[in-house]
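As structure tokens, the structure follows; a few thoughts come after it.
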Amino acid sequence: MEHTLLCVLLLLNTHIISGHSEDDDALPRASVSVSPQGLLYSGETVSLQCDIPGYTDWTYYWFRDNQHLPSQTSKGIIFNIPITLTGQTGQTGQYRCEGLRTDRPQRSLPSDDVTISVTALPKATLTVEPNPVFPGETVTFMCSVGSYSSWSYKWYEDRNDNVVSQSGYSNIRVSHISKAAESDQGQYWCEGNRVSRPTSSQPSDPVTLTVKPLPTASVKIVTPQGLLYPGETVTLQCDISDYTDWTYRWFRYSEELPIQTRKTIISLSDQAGQYQCVGTRRGRPQKSDHSSALPIIITALPKTTLTVKPNPAYTGETVTLTCSVGSYSSWSYKWYKDRNDNVVSQSGYSNIGVSHTISRAAESDQGQYRCEGNRVSRPTSSQPSDPVTLTVKALPTASVKIVTPQGLLYPGETVTLQCDISDYTDWTYRWFRYSEELPIQTRKTIISLSDQAGQYQCVGTRRGRPQKSDHSSALPIIITALPKTTLTVKPNPAYTGETVTLTCSVGSYSSWSYKWYKDRNYNVVSQSVKYTITGDTLTIRRAAESDQGQYWCEGNRVSRPTSSQPSDPVTLTVKALPKSTLTVKPSPAYTREKVTLMCSTRSDSSWNYQWYKDRNYNVVSQSDRHTITGDTLTIRRAAESDQGRYWCEGNRVSRPTSSQPSDPVTLSVKALPKSTLTVKPNTAYTGETVTLMCSTRSDSIWNYQWYKDRNYNVVSQSVRHTITGDTLTIRRAAESDQGRYWCEGNRVSRPTSSQPSDPVSLTVKDYQPKTTLTSDKENIFTGDSVTLSCTVESPGWKFYWYRHRPDSTPVTTTSGYSYTLSRLNVSDGGQYWCRAGRGDPVYYTLYSDPVQINITERPVAVLILQPNWTQIFRGETVTMRCDIQGGGDTDWDYRWYKNSQLFSPFNTKPEYRISPVYRSNSDSYTCVGVKGNKFSKTSEAVKLTVSDQPQPVLSISPQWLNPGDLVTLSCEVDKTSTGWRFSWYRTVPYRAGLPSLSDKSYSLQPISDNVTSEDSYTLIPAGATPTGGYVCRAGRGDPVYHTLYSQPQFLWSGDLQPSVSLTVNPNRTQHFTSMSLSLSCEEKGNSTGWRLKRYTETAWPSQCPSTWRSVTESTCTITSLDTWYSGVFWCESGSGEYSNAVNITVNDGDVILESPVHPVTEGDSVTLTCTFRYQETNPNPKTDFYKDGILIKNETTGEMTIPTVSKSDEGFYKCKSGEGESPESWVTVRVSPVVSPGSSTSVLVGVVVGLVVAGVLLVILLVLLWRYQNRKGSCFNRIFWPPQPQRTNQDPQQDQGYVYTLQQHRDTNIYDTINPSDNNDNDASAAGPSHVTYAQIQLKKLDKKKKADSTLADPAKNPVYSVVKTGKATAAAGPVDVTYAEVDLKNKAKAKKKRGNIVE
């Protein structure tokens, strides 16, 4: 019954909070649905749909951020989100819709706002190591996307369309280039793709990979220089640019010379061949490229060679005879022609170096030539050359002729000349005029223009030999002058409008046609409407001033000469016609006045005139009111129809026969001014004073006459009627004064009278009027304003306002009928009256009826944010409630404002809910209550700040597990946020159905059924080893809002585990770069599926990469270490079991410290060795050893031995020498178990049985003590070790159990742990025939503390506990059943130091 009542109350509360009311059911409410659901990403298409339940035929209205979207009228709208870096676009905002229709209901309620916000695509990150790289090295590319999972990657090089193919790469997060080459240089970037949304990431920033070429070796001969003879020795040197400390390797015919390792070597006389060298060194680059092969050749005595160029030669050419010896240097030569005794002397020749030159060769130079070499050093002479015969030939001759035209040549004609050269082809021709070369003429035929008469020659050149010809004889070109043209022009000068004739003639030849020019050579006069060309005549009709200018003509015909010389230019002058002038008086004129228009032309005389009005064809002729006399046009009794634009034009017999028309003059004829009559007041009441005023708005000094009802009824002065200037005053108006009044003005100057005014009817009513007082509000809030309106049936009144009593002094007087009271207080309430008055003396109306004004205090709006957290995160639900305090009833509507901008103008609910909330919702919010036309006070602003979904940070202390330690998990969310509850998880292999990390590397299994309010969780390592990965998450609110999962953190143990162990080869924790390392998972139990894992400071746990050349999944071999391989390594099974962990440090220096990989046991001997990268160069350096930064020992052997290690030896160790300093390594020391050896099995069995019995009795005693303390009501605290996740491959040696903690009243803590082990029959064969039953009792010294000491309650600091274990022995135990007991007395261990990221 209580449960049912609670459910009813919860439903009722939900109904009230949602703000549901019967009014909401009156109209259907629209709702907006969004597709796709969830976060929206750049580049996606968004679809919004407006749904209104019931009814049809809706017209839809869409709004974004309270702004109407007029282009969107359909039920659904679709838009694309453009791709941006930030995700912010013009389409983001708050959308809502509402509907209108013709039938009832005619509208719907608006939908709740739907927030459209865009999330930027996650960005990929690319790292490249190493960079720069040398050819042949391996480059590793790693691409990662910081959020989501299941990414595949695409790789790009240099261009967006240059996708790196699978060859040499893989579509995974890590790619490699093996044996890098210079072609691999360029910009690389990557991009993530996946099936689910978001389907892609932003591309990573490009990373430029630089492949530096290896330095190149080169071989050179040091001595001797030049050609080599048999028996001589040669010194070679190998040079390598850049870097130092090279070791050199020499090769002869590609076979290495093993004893040659120096930079210079000596080649003996019998070691001719191809020599190369290459360098090697320890640092990067580790080698150079091979040098090019250098040949060592033994040369016989040289033979002399003679070359003659050109041969045959042409007369005038230069002939070069070159004598050369194929080797050696410093030769001088002797030359012979035709006979051995005919030595060629220097005369006429040049004997420089190895060449003998014959300048301007002639036929006498023909003959047989040979040469011989001589020098001082060996060999002193060469063999003579073979004889060469030189032949000298004569050059071909050029000739010039005229191709066209034949006969006399005229200016302007072109002459074609042709150059002929017999023999040979492909000539390039050079032309000369008066012996000066024409540079642009290079063809066989050329065209000579009219101004290029003269003597012409040509010569030929060609690429082949002969390279030129002899010059041709000169050919004369003579030009005959063209005939001359004559031009005549009549009349000249001419007047505009006249016809002008131009005549052209040529005195010789016949059949000429003519071309006409004006002002410029290229301005040819062509046939047109104005210009007529007939034979030798050009006629210009209706000449204008634009026709003035210089004219000339030119003759043309078909036969030669084809043209004449142009005529001398003749200047044609065209004068403008004289212009007429028109004057009009008077202007403007009034109707019925006389107007005179006079036309005159100032040049010559005897002009007749024609008159025009408004249009050219509208000639003003003689009429009754229009008289034309000579140069005058008179208009009598002017009317408004005479208004317009007038002009005149003169005509006569002699030239010029007409004038230009005058400029038009506008004649204005104005109507007489009109009088205006005003009557105030009108309507009037009997007894009032009425004023009639007449006015004429043009000029001044008017006298007025007044008329009533009829034209002859002139109103005259009387007792009640007074006329003063333009005013007629009627005092004590009576009903007899009613009627139609008008007035008329008169004066002496123009115009002498006005038009009468329009009649005005005066009404006089026989009663006193009454006013009516109204108020726009009755019940008013303080601070509001109210407007009182006082109405009366006629205009022109002044209003008087009264409060409390109508016969009191007016509160105020207004010219308008309304009176507004602003910023009202409660004291401003009460009764108000009004009345009106007008005129002088004032005529008053009756008082109005009173109006009651009630004023109350304005209610206050209070905005409450629920939940009231200081930090709100994206995706949470926020409710804002607006409470109206002092507002009386609840019949309020609500307006909501964001940053003072109205975003929800009409809301019947006091709550506004944002679910989910986005960062775009961050701002200051206020609310106002609305009831009709009344408003509450605006609430104080509430600041809403929305942050991105947080990700907690998990830390584990300590991170390296020691036996008996308590482990604390701490989960930290944003420090400014509150209200969180925390969930704790342990990582297990990925399993469908369990919550998982985004990359599906692990699934998450809760380690506690209860969500904790504390941000820390204590693990008590009892039973199974709690090593592994841990994750936390926080949540708050109802419904619960969750943070992201934290990144996993790991708890490691350096102790060897029973099921598997990690072995390292070489077996040490520190390693040099570029060396190899092998890590293996050695299985001991039945668990299978072990994989090697690692954790570094810059990467998440990962399996053995393929580039490590893994032999199996449980073994990895790193062929070349680098510093980024440093990290923690362990083995992990498919069921989630963990091996011991090893912290590997890769040092790029020259010194490392070799220390134990696993914890050592007290009493063991431990040797620390300082190892050097180049051990052979200094095998026994002096070495200093440090512990925790303090020098503890000097050694000359490089080793330090601790013969019997103890717990005090635990700490950080390093070594230092002249070679450098090693990193630090932590040495862990475990307390050794005490085992009592004995030769008699029976004695041992007896001791064990006794101890077991004692242990059981102690357990019983502790249980009885606990029950006794529990009955006494002592504080009992139970800490559970969480049950391990179910495993498909259970470790038979793994224990499950619980830990119970009791806090005593004294200063000690007692723990009791019972661990039942599994008895699996399948393990019998593995365990052997023997069984072991053992008990272990450990006693620890208790620190004596005062009762007030806070550590008394900490069971981790003062424990006394007992462990009783039952299990099976291994085969190593032998065939005899053994029962033994172990008693350890331990001191309390001190807390260990924390260095770097490792705590042990």
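Reckoned from all heavy atoms, side chains included, excluding hydrogens, waters and symmetry mates. FYI, the numbering just counts along the sequence from 1.
- Heavy-atom contacts from other residues, nucleotides or ligands closer than 6.0 Å to NZ of Lys934 number more than 12.
- Around CZ of Arg803, the count of heavy atoms belonging to other residues, nucleotides or ligands within 6.0 Å exceeds 12.
- The shortest heavy-atom contact between Ala638 and Val595 is CB-CG2, 4.0 Å.
- Asp103 and Tyr55 share no side-chain donor-acceptor pair at under 3.5 Å.
- When the side chain to side chain contact (heavy atoms under 4.5 Å, CB included) test is applied to Arg104, no partner is found at least two apart in sequence or on another chain.
- The ring pair (Phe, Tyr, Trp, His ring centres under 6.0 Å) contacts involving residues 822-851 comprise Tyr800-Tyr844, Tyr802-Tyr847, where partners must be two or more places apart or lie in separate chains.
- Of the possible donor and acceptor atoms, none in the side chain of Arg895 sits under 3.5 Å from a partner among the backbone N and O of Leu902.
- For the pair Lys75/Trp58, no side-chain contact is recorded, criterion being any heavy-atom separation below 4.5 Å from C-beta on.
- Annotation: side chain of Glu98 is not in contact with side chain of Arg107 (no heavy-atom distance under 4.5 Å).
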May I have the step-by-step check of side-chain contact (heavy atoms from CB on, under 4.5 Å) for Ile635 and Leu597, ending in yes or no?
CA-CA 8 Å; Ile635 302 173; Leu597 296 86; 3.8 Å; yes
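- Pairs engaging residues 613-630 under the salt bridge (Lys or Arg N to Asp or Glu O under 4.0 Å) rule: Arg625-Asp642 [sequence neighbours left out].
- Checked by atom type and distance alone, the side chain of Gln622 pairs as donor or acceptor with a backbone atom of Ile628 at under 3.5 Å.
- A 4.5 Å side-chain heavy-atom check between Thr791 and Thr774 finds every atom pair outside the cut-off.
- Nearest heavy atoms, Lys909 versus Asn907: N-OD1, 3.0 Å.
- Pro681 approaches Leu762 most closely through the heavy-atom pair O-CD1, 4.0 Å.
- The shortest non-hydrogen separation linking Arg645 to Pro664 is NH2-CG, 2.8 Å.
- In plain terms, the two heavy atoms of Tyr590 and Ala671 that are nearest each other are CD2-O, 4.0 Å.
- No side-chain heavy atom of Thr634 sits less than 4.5 Å from a side-chain heavy atom of Thr629.
- Note: Gln755 CD to Glu744 CD = 9.5 Å, rounded to the nearest 0.5 Å.
- Here the side chains of Tyr912 and Cys882 are not in contact, with every heavy-atom distance at 4.5 Å or above.
- Between the side chain of Ser668 and the backbone N or O of Pro588, no donor-acceptor pair lies under 3.5 Å.
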Take Asp849 and Lys770 through the side-chain contact (heavy atoms from CB on, under 4.5 Å) test and state the conclusion after the steps.
CA-CA 9 Å; Asp849 294 330; Lys770 182 179 180 179; 3.4 Å; yes
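- With sequence neighbours left out, the side chain to side chain contact (heavy atoms under 4.5 Å, CB included) criterion links Thr59 to Tyr61.
- If you take CG on Leu728 and OG on Ser716, they are separated by 10.0 Å, rounding to the nearest 0.5 Å.
- Between the CG atom in Asn682 and the OG1 atom in Thr763 there is a gap of 5.5 Å [rounded to 0.5 Å].
- Remark: side-chain polar atoms of Thr782 are paired, donor with acceptor, to backbone N or O of Arg858 under 3.5 angstrom.
- Formation of a donor-acceptor pair under 3.5 Å by the Arg913 side chain with backbone atoms of Met880 is not found in this model.
- Atom CD of Glu940 has 12 or fewer heavy atoms from other residues, nucleotides or ligands within 6.0 Å.
- More than 12 heavy atoms of other residues, nucleotides or ligands shown are found within 6.0 angstrom of NZ on Lys943.
- Judged as a ring pair (Phe, Tyr, Trp, His ring centres under 6.0 Å), not a single pair has a partner in residues 768-789 (not counting sequence neighbours).
- Put simply, OG1 on Thr908 and CG on Leu27 are 10.5 Å apart, with the number rounded to the nearest 0.5 Å.
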side-chain contact (heavy atoms from CB on, under 4.5 Å) for Leu672 and Ser754? Distances and angles first, verdict last.
CA-CA 5 Å; Leu672 290 173; Ser754 72; 5.8 Å; no
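- Under a 3.5 Å cut-off, the side chain of Arg835 and the backbone N or O of Thr771 do not form any donor-acceptor pair.
- Remark: Arg731 CZ is loosely packed, at most 12 non-hydrogen atoms of other residues, nucleotides or ligands lying under 6.0 Å away.
- Counting non-hydrogen atoms of neighbouring residues, nucleotides and ligands closer than 6.0 angstrom, the OH atom of Tyr817 reaches no more than 12 such neighbours.
- Using a 4.5 Å heavy-atom cutoff, the side chains of Thr676 and Ser757 are not in contact.
- Partners of Trp706 by ring-ring contact (aromatic ring centres under 6.0 Å, His included), not counting sequence neighbours: none found.
- Gln738 places a side-chain N or O within donor-acceptor distance of the main-chain N or O of Val764, the cut-off being under 3.5 Å.
- Here the side chains of Lys931 and Pro859 are not in contact, with every heavy-atom distance at 4.5 Å or above.
- Judged as a side chain to side chain donor-acceptor pair (under 3.5 Å), and not counting sequence neighbours, the contacts of Asp663 are Lys579.
- Taken to the nearest 0.5 Å, the CE atom of Met693 stands 4.0 Å off from the OG1 atom of Thr727.
- Contacts classified as ring pair (Phe, Tyr, Trp, His ring centres under 6.0 Å) and involving residues 713-746 (residues at least two apart or in different chains) are given here: Tyr707-Trp742.
- Within the model, atoms OG1 of Thr696 and CD1 of Ile701 stand 13.0 Å from one another, a figure rounded to the nearest 0.5 Å.
- Residue pairs meeting the disulfide bond (SG atoms under 2.5 Å apart) criterion with at least one partner in residues 708-797, sequence neighbours excluded, are Cys694-Cys743, Cys790-Cys834.
- Annotation: side chain to side chain donor-acceptor pair (under 3.5 Å) contacts involving residues 820-831, sequence neighbours excluded, comprise Thr787-Thr820.
- The shortest side-chain heavy-atom distance between Tyr925 and Trp896 does not fall under the 4.5 Å cut-off.
- Across all their heavy atoms, Ser794 and Tyr685 have their closest contact at OG-OH, 3.6 Å.
- Partners of Ser623 under the side chain to side chain contact (heavy atoms under 4.5 Å, CB included) rule, at least two apart in sequence or in another chain, are His626.
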With side-chain contact (heavy atoms from CB on, under 4.5 Å) as the test, would you mind laying out the steps for Leu677 and Asp758 before giving the verdict?
CA-CA 7 Å; Leu677 174 62; Asp758 294 329; over 6 Å; no
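- Every residue meeting the salt bridge (Lys or Arg N to Asp or Glu O under 4.0 Å) condition with Arg838, not counting sequence neighbours, appears here in chain and number order: Glu688.
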